[in-house]
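Right, one structure below, let's go through it.
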Protein chains: 2
Amino acid sequence: MILSKLVLLKYQFVISSLDPVEVYMLGIEINRQSEVSLKRQIYHKLRDYILDGRIAAGEPLPSTRELAKDLAVSRNTICEAYDMLLAEGFVLSSQGAPTRVAEGLSIPKESSEEFLQKESQSYDNIKADFRTGQPDLRYFPRYMWNRILYKAMDEMPLYQFGYSGPDGLTQLREEISGWLFRSRGIKVDPCDIFITVGATYGLHLISGMLYEEGKEILMEDPCHMGMLRALRNKGYPVCPVPVDEHGMIIEHLDGKAAWAIYVTPSHQFPLGGILPAGRRAGLIRFARENGIYIIEDDYDSEFRYCGEPIAPLYSMDPQRVIYVGTFSKVLFPALRIGYVLLPRQLHKKWRYLRTHTDVQNPPFEQAALAEFLRSRKIDRHVLKMKRLYGERRKALLLALAEQFGNTWHSWGDATGLHIAVEFPGMQFGYEFLHKCKTNGIILKSVEYHSICKGKHLDKLLLGYGHMEIDEINKGISVLNKFITSI
Amino acid sequence: MILSKLVLLKYQFVISSLDPVEVYMLGIEINRQSEVSLKRQIYHKLRDYILDGRIAAGEPLPSTRELAKDLAVSRNTICEAYDMLLAEGFVLSSQGAPTRVAEGLSIPKESSEEFLQKESQSYDNIKADFRTGQPDLRYFPRYMWNRILYKAMDEMPLYQFGYSGPDGLTQLREEISGWLFRSRGIKVDPCDIFITVGATYGLHLISGMLYEEGKEILMEDPCHMGMLRALRNKGYPVCPVPVDEHGMIIEHLDGKAAWAIYVTPSHQFPLGGILPAGRRAGLIRFARENGIYIIEDDYDSEFRYCGEPIAPLYSMDPQRVIYVGTFSKVLFPALRIGYVLLPRQLHKKWRYLRTHTDVQNPPFEQAALAEFLRSRKIDRHVLKMKRLYGERRKALLLALAEQFGNTWHSWGDATGLHIAVEFPGMQFGYEFLHKCKTNGIILKSVEYHSICKGKHLDKLLLGYGHMEIDEINKGISVLNKFITSI
């Protein structure tokens, strides 16, 4: 329980702007149980009175003896509070004269803005949750991870507690190089690997490095809205390039004045196509002819269910392609570790920019991840999750067939944590999404992720990675009932 | 030991651009000990040959049977490698016909850029290290911290492993509110506190929110070069405002078209002044009149040796001042946790921008820090370090007096981890700093941190936080010998 005591300060003073005979009592409330020292409480109150004009410029403060007596505190406490006011220039002191309030301090309170209502994010009444890009966190071996992280912290050299530079931990860069070799068959020099805090951040920094005024960045349309917003937030104009079942249609690139191309060639988001080798070669030719870079976002291609992961575009030209990878989907999003593979000529610029943006990643998770990679625990985890997600994918397709007959077909390669499903003749616009939400169904449409609207109105995105099979079955049944009801 | 075996592929083919009678042998090197599967190794080699034109467009691949025999692998392995090439569009297949290489794939290697020499950062021959802003990491209670972090991870709710939003952990925001009350006597609603990955990042995002084209940001001159570069990197013009022994001289603000003011009022970096209350009020009036915000960077004011920490400017007008705080100096830089106190009307914009820049902090260190604050371990740590740093500061001043007599005087308030020292008549320009470096003395001058050069040539910055007293004594002696030698 906190005890507080209201002490009336008997020292009287006059507010200059009011009738000089009006006299006010100054109440200083001090709390002897508070963790804030008494001197600070007193200082604080006096300062407030000076700022709001209740003690006017030129007025003397009460004598330390008098105020000490009134507040029943030691005189030393009052002296210390006055010293604080003096140090910060609220009061002036000259030998022999009383301490007086400095000039020009009164700043009346501005009327405070209306409190912004916190956006309601209530997911109370969820009947089906088809969000995309959600790995199943329940299967992550967190106790094993915690032990690894603890050991990493324990063994961390002391200098790593200070500033250790923008590149990332050497052992992690080496282990990622090994991981890329094992999982995607590409050989990458660890010194080309730069650790980030995730793919969104990677795009943020890369676009900051490459942007040229008067030119556009070429983006797949549809694309991930988050990535589009990340670019538009920075005021960078975006040029949409249409996507078909194979990915970006490169014929649309001709004649564009671009500073970069952003693609998801291993598993186009959201439609799921694998960019064919011919288009890949065409992309690289276009980039070379225009002297620009290709940003390759590989967000979930570890989870390919009907074959090996697709080789990155990066492997076709490591000096023209910037590869953006992340462990958010493979391990868990809150890890906040991703990486970029950078052409040599961008290394210096990246280091400079990173140092002056957010300095570096924390080293602890990096060291733990390095060990998770080194000990091949990641390989086992990916294998386990791939099996699990693959079963869920099958279950989703089966549930769709059972509930919707042959009124639909799926798009794209069997990869990742979501499927794009086309329902010919249907229209999934904003009104539909809004109705879904109010009916407890969380999902997005391809239309939502489209830059040029109206071309993909008949396609829904169904994320399944985070759902158990019975949740999938129930969800599709709920969706069917909802769609037939509207 | 890795065994590798060179297998000569006897399948012969013709490079179209060369004399058609020239026949090449294709060597596929496979490594049976490799972690990369045989199918991927074979796929990879074939793909390279297709890309560099060694297998030309339209050429058939060898039959799977033949290649399997030559490489002494199962035919299934070859089929799977071919499937990978097919999936990615490198080859085309039609029933009955051999698998042929697709058109338009050949992209010859671009001549690779010269490898950029890694910047040499050798600190081999250091005789004195007066870097600023370096807390002494040796005294951080890391084993206690590790235990707290382990417990925090262990108890972390599962949903925190996913995406948990841009604001930061609720319990940390509440504990920072309490910490601000205990350490600086200000009451802040936890919902006004937003967690960041450090002060530099805070400035990065804030400036992104506030920037207006055609206007400048007003900055103290001298100021922290890192912060200046962070703004200039983004292409934001900076208007320097001169600083005297008390901080920014606000008379210089008049008539400036600004989108924000950046100040370090509790302990001006690098000169050390405390901004007097009159100038604080003037700053706020200027900000109100111009409808702009003040960015207050409080980087090390916890360590004030001759009194209480200075109250933040923020407390004078929480709707006009954005306060940027960090735990980098109080705890350790690699923690990567800071915070900003934001006026209500900026909350929404901040959330949107953070979500699309780097999404969020990892939750684990946040939870550990919350516990470190809750259990008051931070109070004890700060008290301990303040005593330690205070002694080092005294030792530094004493060593200066012993070595340099009365040829110098120190600037600023007794706060933080460095002192600005003026040596009247001396000139510490870039040449001096360079000579220092080559002589094993790491330090910066005030000139280095100046926007308008030439005004503070006679001042050095001596960081002492990370140095033991005997290191300080030795360092000042080395500095004295060096200065008298030039």
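Proteins get letters first, then strands, A, B, ... in listed order; numbering begins at 1 in each.
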How far apart are the closest heavy atoms of B:Ile274 and B:Arg304, and which atoms are they?
-> CD1-NH2, 3.7 Å

Do B:Tyr43 and B:Glu80 have side-chain atoms, one donor and one acceptor, less than 3.5 Å apart?
-> no

Contacting moiety of A:Arg142, where chain B heavy atoms sit under 4.5 Å | side chain

Is the side chain of B:Arg336 donor-acceptor paired with the backbone N or O of A:Asp358 at a distance under 3.5 Å, no angle test?
-> yes

Which answer fits A:Asp83, side chain, backbone, both or neither, if we ask what part of it has an atom under 4.5 Å from a heavy atom of chain B?
-> neither

Heavy-atom pair count under 4.5 Å with chain B, highest-scoring of A:Pro276, A:Pro333, A:Gly89 | A:Pro333

Is it the case that more than 12 heavy atoms not belonging to B:Glu155 sit under 6.0 Å from its CD atom?
-> yes

Please look at A:Met153 and chain B and tell me whether the side chain, the backbone, both or neither of the residue comes under 4.5 angstrom of a heavy atom of that chain.
-> both

If you tally heavy-atom pairs under 4.5 Å against chain A, which of B:Met84, B:Glu103, B:Gln360, B:Gln134 wins?
-> B:Gln360

A:Leu346 and A:Met209: which non-hydrogen atoms are nearest, and at how many Å?
-> O-SD, 4.1 Å

Do you know the tightest heavy-atom contact between B:Ile310 and A:Glu88?
-> CA-OE2, 3.4 Å

Identify which part of B:Leu275 has an atom lying under 4.5 Å from any heavy atom of chain A, answering side chain, backbone, both or neither.
-> backbone

Side chain, backbone, both or neither: which part of B:Ala102 has a heavy atom under 4.5 Å from chain A?
-> neither

Of the listed A:Gly282, A:Pro265, A:Gly235, A:Ala281, the one with the largest count of heavy-atom pairs under 4.5 Å with chain B is A:Ala281

Who wins among B:Ser37, B:Cys306, B:Ala311, B:Gly278 for the most heavy-atom pairs under 4.5 Å with chain A?
-> B:Ala311

Residue selection (most heavy-atom pairs with chain A, distance under 4.5 Å) from B:Lys39, B:His246, B:Arg147, B:Arg279 = B:Lys39

Under a 4.5 Å heavy-atom cutoff, which of B:Gly133, B:Ala87, B:Gly208 has the most pairs with chain A?
-> B:Ala87

Considering all heavy atoms of both residues, which atom of A:Gln41 and which atom of A:Ser34 are nearest to each other, and what is their separation?
-> NE2-CB, 3.6 Å

Side chain from CB out, backbone as N, CA, C, O: work out which of these in A:His356 comes under 4.5 Å of a heavy atom of chain B, or both, or neither.
-> both

The reported gap from CG in B:Leu283 to CZ in B:Arg320 (rounded to nearest 0.5 angstrom) is 12.5 Å

Contact origin within A:Ser266 toward chain B - heavy atom pairs under 4.5 Å = neither

Output yes when a side-chain donor or acceptor of B:Arg138 lies under 3.5 Å from a complementary backbone atom of B:His466, and no otherwise.
-> yes

So, A:Asn233 and A:His204: side-chain donor and acceptor under 3.5 Å apart, yes or no?
-> no

Bottom line for A:Leu353: the part with an atom under 4.5 Å from chain B's heavy atoms is both

salt_bridge(A:Arg344, A:Asp189) N-O dist < 4.0 Å | yes

Nearest-0.5 Å distance, OG1 of residue A:Thr200 to CG of residue A:Leu205 | 12.5 Å

Going by residue number, which parts of residues 361-368 of chain B are within reach of chain A, meaning a heavy-atom gap below 4.5 Å?
-> B:Asn361, B:Pro362, B:Pro363, B:Phe364, B:Glu365

In sequence, state the C-alpha distance, the side-chain angles, and the governing distance for A:Leu158 and B:Leu137, and then conclude on side chain to side chain contact (heavy atoms under 4.5 Å, CB included).
-> CA-CA 7 Å; A:Leu158 189 64; B:Leu137 304 171; 4.0 Å; yes

Among B:Tyr143, B:Phe332, B:Phe161, which residue forms the greatest number of heavy-atom pairs with chain A at distances under 4.5 Å?
-> B:Phe161

Name the region of B:Tyr352, side chain, backbone, both or neither, that has any atom closer than 4.5 Å to a heavy atom of chain A.
-> both

A:Tyr159, A:Phe181, A:Tyr211, A:Tyr150: which one forms the most heavy-atom pairs within less than 4.5 Å of chain B?
-> A:Tyr150

With rounding to the nearest 0.5 Å, note down the distance linking OG in A:Ser315 to CG in B:Asp48.
-> 7.5 Å

Is the backbone N or O of B:Gln160 less than 3.5 Å from a side-chain atom of B:Ser164, with the two atoms forming a donor-acceptor pair by type?
-> no

What part of B:Thr196 lies closer than 4.5 angstrom to a heavy atom of chain A: side chain, backbone, both or neither?
-> neither

Tell me, out of B:Arg229, B:His44, B:Arg182, who's got the most heavy-atom pairs with chain A below 4.5 Å.
-> B:Arg229

Portion of A:Met227 that has a non-hydrogen atom of chain B nearer than 4.5 angstrom | neither

B:Arg47 side, atom CZ; B:Leu85 side, atom CG - distance, nearest 0.5 Å | 9.0 Å

Residue selection (most heavy-atom pairs with chain B, distance under 4.5 Å) from A:Leu105, A:Asn146, A:Leu331 | A:Asn146

Answer yes when A:Arg354 and A:Asp167 have at least one side-chain N-carboxylate O distance shorter than 4.0 Å, and no when they do not.
-> no

For the candidates A:Gly165, A:Pro318, A:Ala230, which exhibits the highest count of non-hydrogen atom pairs separated by less than 4.5 Å from chain B?
-> A:Ala230

Measure from the side-chain N and O atoms of B:Arg40 to the backbone N and O of A:Arg184, and report whether any donor-acceptor pair falls under 3.5 Å.
-> yes

Which residue out of A:Gly178, A:Gly198, A:Gly226 racks up the most heavy-atom pairs below 4.5 Å with chain B?
-> A:Gly226

Heavy-atom distance under 4.5 Å to chain B: side chain of A:Ile284, backbone, both or neither?
-> side chain

